[in-house]
Number of protein chains: 2
Amino acid sequence: MDYIEAAQALLQEKGVRASTIRINVLAYLLSHPTHPTVEHIYQALRKSMLTLSKTTIYNTLDLFQQQNLVRVINIDEKEMRYDANTTEHGHFQCQECKAITDFTIRCSTPDLPGFQIATRNIYYRGICAECQTKKEELLNEKSNGN
Amino acid sequence: MDYIEAAQALLQEKGVRASTIRINVLAYLLSHPTHPTVEHIYQALRKSMLTLSKTTIYNTLDLFQQQNLVRVINIDEKEMRYDANTTEHGHFQCQECKAITDFTIRCSTPDLPGFQIATRNIYYRGICAECQTKKEELLNEKSNGN
DNA sequence: TACATATTTAAATTCATTACAATTTAATTT
DNA sequence: AAATTAAATTGTAATGAATTTAAATATGTA
């Protein structure tokens with residue numbers, strides 16, 4: 001399975017012209033399900049596309065969003081993040097390491113009569129399991145050392 | 001029931017010095033459960049506090065957040081919004097009128113073993129009932145007129 | 001009153017994002 | 001193929017919310 005081919009196929013499905021840049025941006029998102037920022041994508045693709053502009057990344061991601069190819073994740077305080085996984089899932093951001101983890105969740109129907117819901121975003125924040133373990137280890141070291 | 005008194009009481013409960021500015025910012029949030037921005041609060045309080053600085057609003061809201069007196073709502077594309085209602089509820093933003101509506105919702109426990117969850121935010125977007133009605137009326141007018 | 005601490009202020013800065021005009025590339029027509 | 005049109009990409013400059021900084025002011029306590 002080739003991410004480039006998969007990206008090209010997805011673009012064609014949506015009737016979007018599959019330019020080199022578009023294919024590469026989408027392939028990057030497919031191969032890096034780590035919710036990258038515009039900067040991440042830009043720095044990665046710049047290596048092989050010397051004249052690439054950051055504006056193009058913004059434009060491309062806007063287009064993808066309109067076509068439902070990506071979803072924007074606004075969990076981070078400063079930067080937007082992008083996810084090629086458009087299925088329903090929540091996002092957890094660790095306040096220590098800033099990493100974003102997907103999780104599955106089911107919610108009841110909200111009491112919004114007459115409202116038309118277009119997008120749903122569930123953002124949780126806290127300390128991830130890994131950072132939690134590190135913290136506990138630090139505490140143990142301290143109590144053993146003294 | 002006086003919002004000023006209520007704000008003062010809440011601040012004292014948390015052991016935070018109840019300065020005039022703090023009381024007024026919190027009272028504003030209590031009396032305007034419309035998820036105001038920093039700018040909204042600033043413009044409203046400036047009228048009676050001529051030397052008020054926007055930085056103070058930021059500082060005050062940061063303090064309130066630490067003390068769990070307010071919750072930050074990041075649903076808007078550009079500006080942060082603040083809510084003195086700290087009970088669990090979701091937020092819906094209308095893509096037409098930008099108004100934010102509270103809703104109640106219950107979600108299943110996420111599959112995040114070992115994770116420590118500190119804050120939860122549920123953001124839905126779409127068209128609110130009012131704007132939906134307006135749109136339908138416009139459509140009807142068109143089909144009747146022609 | 002004097003002192004230390006907490007609060008408030010205003011100006012300057014930061015930085016992700018957007019606006020826009022110019023340029024390049026690709027597709028279509030003559 | 002050349003000419004025309006449309007679409008995509010680029011770079012610079014502007015935007016504006018949020019933060020930083022340092023100075024000024026107010027407050028509580030001895």
Side-chain angles (χ1 to χ4, degrees), chain A residues 7-8 10-12 14-28 35-67 69-82 93 98 100, chain B residues 7-8 11-12 14-28 35-67 69-82 93 95 98 100:
Chain A
Q8 188 167 26
L10 278 168
L11 290 169
Q12 276 166 356
K14 296 282 180 180
V16 173
R17 189 189 292 171
S19 69
T20 308
I21 289 175
R22 288 175 182 169
I23 290 171
N24 277 283
V25 170
L26 189 51
Y28 184 86
H35 320 90
T37 62
V38 166
E39 184 69 21
H40 288 143
I41 302 168
Y42 175 63
Q43 292 300 342
L45 300 193
R46 209 152 85 93
K47 289 169 190 164
S48 53
M49 309 172 85
L50 282 322
T51 69
L52 184 66
S53 163
K54 212 186 255 188
T55 307
T56 305
I57 309 288
Y58 278 105
N59 291 341
T60 303
L61 289 169
D62 279 356
L63 177 74
F64 287 179
Q65 194 194 348
Q66 281 163 34
Q67 298 292 338
L69 283 164
V70 302
R71 70 175 13 222
V72 182
I73 302 161
N74 235 316
I75 197 172
D76 192 272
E77 300 285 321
K78 32 171 81 150
E79 282 169 286
M80 286 182 177
R81 291 167 171 276
Y82 295 85
Q93 184 171 42
K98 308 295 177 195
I100 294 171
Chain B
Q8 189 168 26
L11 289 170
Q12 275 166 355
K14 296 282 180 180
V16 172
R17 190 188 290 172
S19 69
T20 309
I21 290 175
R22 288 175 184 168
I23 291 171
N24 277 284
V25 171
L26 188 51
Y28 183 86
H35 318 92
T37 63
V38 166
E39 183 69 21
H40 288 143
I41 303 168
Y42 175 64
Q43 292 301 342
L45 300 193
R46 209 152 86 93
K47 288 168 190 163
S48 53
M49 309 172 86
L50 282 321
T51 69
L52 184 67
S53 162
K54 213 187 256 188
T55 309
T56 305
I57 309 289
Y58 278 106
N59 291 341
T60 305
L61 290 169
D62 280 355
L63 178 74
F64 287 179
Q65 194 194 346
Q66 281 163 34
Q67 298 292 338
L69 283 164
V70 302
R71 67 170 22 218
V72 182
I73 302 162
N74 236 316
I75 197 172
D76 192 90
E77 301 284 320
K78 31 171 83 150
E79 282 169 287
M80 285 181 177
R81 289 166 172 277
Y82 295 86
Q93 184 170 42
Q95 287 161 332
K98 309 294 176 195
I100 294 171

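Proteins come first, then strands; the chains are lettered A, B, ... in the order of their sequence lines, and each starts at number 1.
Between A:Ala27 and A:Ala7 the shortest heavy-atom distance is N-CB, 3.6 Å. Among all heavy-atom pairs drawn from A:Tyr42 and A:Leu52, the shortest one is CE1-O, 3.4 Å. Of all non-hydrogen atoms in B:Val70 and B:Leu26, the two that sit nearest each other are CG1-CD1, 4.5 Å.
For B:Tyr42 and C:dA10, the OH to P distance is 7 Å, given to the nearest whole Å. Separating the CD1 atom of A:Ile57 from the P atom of D:dT9 is a distance of 10 Å, rounded to the nearest angstrom. Atom CG of B:Leu61 is separated from atom P of D:dA17 by 15 Å (rounded to the nearest Å). Distance, B:Asn59 CG to D:dT19 C1': 10 Å, rounded to whole Å. Rounded to an integer number of Å, the gap from CE of A:Met80 to P of C:dC15 is 18 Å. Look at CZ on B:Phe64: it is 13 Å from C1' on C:dT7, rounded to the nearest Å. Atoms CG (A:Leu11) and P (D:dA7) sit 17 Å apart, rounded to a whole Å. Nucleotide C:dA12 holds its C1' atom 15 Å from the NZ atom of B:Lys54, rounded to whole Å.
Of the two residues contacting DNA chain D, namely A:Thr56 and B:Asp62, the nearest-nucleotide position lying further toward the 5' end is that of A:Thr56. Closest-nucleotide positions on DNA chain C for B:Glu77 and B:Leu52 were compared, and the one nearer the 5' end corresponds to B:Leu52.
Listed by first and then second residue, the salt bridge (charged side-chain N to carboxylate O under 4.0 Å, His left out) pairs involving residues 42-63 of chain B are B:Glu39-B:Lys54 (not counting sequence neighbours).
Among the heavy atoms of the strands lying under 4.0 Å from A:Thr51 are primed sugar atoms or P, OP1, OP2 only; no base atom is included.
Checked against D:dT10, C:dT8, C:dT17, the side chain of A:Ser53 finds its nearest nucleotide in D:dT10. Which of C:dT9, C:dT17, D:dT10 sits closest to the side chain of A:Tyr58 comes down to C:dT17.
Look at B:Thr55 and you won't find any side-chain N or O under 4.0 angstrom from OP1 or OP2 of C:dT9.
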**Message:** Show, in sequence, the C-alpha distance, side-chain angles and deciding distance for A:Ile41 and A:Leu61, and conclude whether the side-chain contact (heavy atoms from CB on, under 4.5 Å) test is met.
**Reply:** CA-CA 10 Å; A:Ile41 302 168; A:Leu61 289 169; 4.0 Å; yes
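Judged by distance alone, with hydrogens and angles left aside, the side-chain atoms of B:Gln93 form a donor-acceptor pair with the main-chain N or O of B:Lys98 at under 3.5 Å. Within the 3.5 Å criterion, the main-chain N or O of B:Ile75 finds no donor-acceptor partner in the side chain of B:Arg81.
Residues from residues 14-25 of chain A lying near DNA chain D, meaning a heavy-atom separation below 4.0 Å, are A:Arg17, A:Ser19, A:Ile21, A:Arg22 in numerical order.
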